[in-house]
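Notes follow once the structure below has been shown.
Position 1 is the first residue of the sequence; numbering continues from there. Just follow the structure's listing: the first ligand is 1, and inside any ligand the first atom is 1.
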Amino acid sequence: MKTFWAPHAWLRREGGSLTAVENDVRIDVDAAGRISAITPDSGPAPQGATVLTGLALPGMANAHSHAFHRALRGAVQVGSGTFWTWRDTMYRAADALDPDNYLALATAVYAEMALAGVTAVGEFHYVHHQPGGAPYTEPNAMGEALIEAAARAGIRITLLDACYLSSGFGEAPNRHQTRFSDGSAEAWAARVSLLKERDHAKIGAAIHSVRAVPEQELGAVAAWAKERQAPLHVHLSEQVAENDACLAAHGVTPTQLLARHGVLGPRTSAVHATHLSEEDLQLLTDTSTVICMCPTTERDLADGIGPARRLASSGCPVSLGSDSHAVIDLFEEARALELNERLATQRRGHWTAAALLRAATEDGHASLGWSESGRLERGALADFCTVALDTPRTAGQPPQLGAEAAVFAASAADVRDVVVGGRVVVRDGTHLSVPETGRALNEAIGALR
Ligand SMILES: [Zn+2]
């Protein structure tokens, strides 16, 4: 058993859904890595307790990641271009990956996530095979590298293994995409079924997009996830061109095509969901599909602003992801939801800080199958982080406004401590197993050039 003590913590009020900042909070963790007791107003830190800094928050879930996209940061900001020219650059990075260099890169990227307060990542993984498409001797060598990387960085992972079979509607994979493809959904399912869950790792499914999985194969991926009650994620309507191509090929929108094959539902996360028709909105609402927003990537790629507020108001849970890792900062993702709405509507006050934190924590974890994490309460997994309230960005307000300060002003650099399953992963802003995280990123990304 371990004891932690935080000067402040963002807690749910006993028996209610309202959250508030409480003071002098003692957090007891049992040998299984769960919170056995949580006690506000507990007095000074007890002897032997690990004393945390600032405001304790539940661990954050990065619900949508492609770890290798981290290698593109900065490089894709030179000159102009579109989503599609960005994608060409991304494919060149994918060409350079192998299981060893991906392990090194993903370990450093997940360490960066841990430093940002992330305790679980949803890794939407599609670089499965060797360049050219031949399988590795270990058919899941790349997925295993990602699972191992999360272990080394001390965070939980849901490996969302993506079915990726075509380049577009009725088009074979191009030369970059051959290593993404298993040839059929059946072969995809046979390979993914070999992956084993671990204490820190869950296995989920993904449909890359309606561009990448032919209509007749969609049902097989949905059935695999349904049989295992596993999370199912899908990129949805990120670009208008995807909708136009789907309408031309099938006469329906991507959302309608997914609905036709049983892909939507409460275990499913629709990633981006940017360009939707009224009927699409209704289908997502009727099926309680989770909406995963990635605002820093969506603005980086000039995707547009999706109807997250409207979908949330009609009952769809919302999660957040850093996707292409233009930045890795869940506070930035969270406030972008509200700030985007302000720009689009010329009004303020669409999302409270508490609602945004819930998306970044509880609902994000649930979308990845970690429904016992993302809350600071008795019985939950002991996954939490702290944000300092005395930095140049967060100082100046009473701790009772700590949630607002964190969501609307903090950066990932203000995260001080991160605990996953009761184990300290980040202490006073340093990652304990990857202490030189910047250097690890430099070396791993440099090795791809
Ligand atoms: Zn993505």
One pair to check against side chain to side chain contact (heavy atoms under 4.5 Å, CB included): Leu11 and Thr19. What are the steps and the verdict? CA-CA 5 Å; Leu11 301 182; Thr19 45; over 6 Å; no
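Taking the six-membered ring for Trp and the full ring otherwise, His275 and His272 have centroids separated by 6.0 Å or more.
Under 2.8 Å from the Zn ion (ligand 1), one finds the following protein N/O/S atoms: His64 NE2, His66 NE2, His235 NE2, Asp323 OD1.
Applying the side-chain contact (heavy atoms from CB on, under 4.5 Å) rule to Thr345 yields the partners Glu341, Arg347, His350; only residues at least two apart in sequence or on another chain are considered. Every side-chain contact (heavy atoms from CB on, under 4.5 Å) that Ala205 has, sequence neighbours left out, goes to Trp188, Val221, Trp224, Ala225, Leu232. For Glu186, the side chain to side chain donor-acceptor pair (under 3.5 Å) test picks out no residue, with sequence neighbours left out.
Ion pairing of Glu332 with Arg299 is present here, as a side-chain N (NZ or NE/NH1/NH2) and a carboxylate O approach within less than 4.0 Å.
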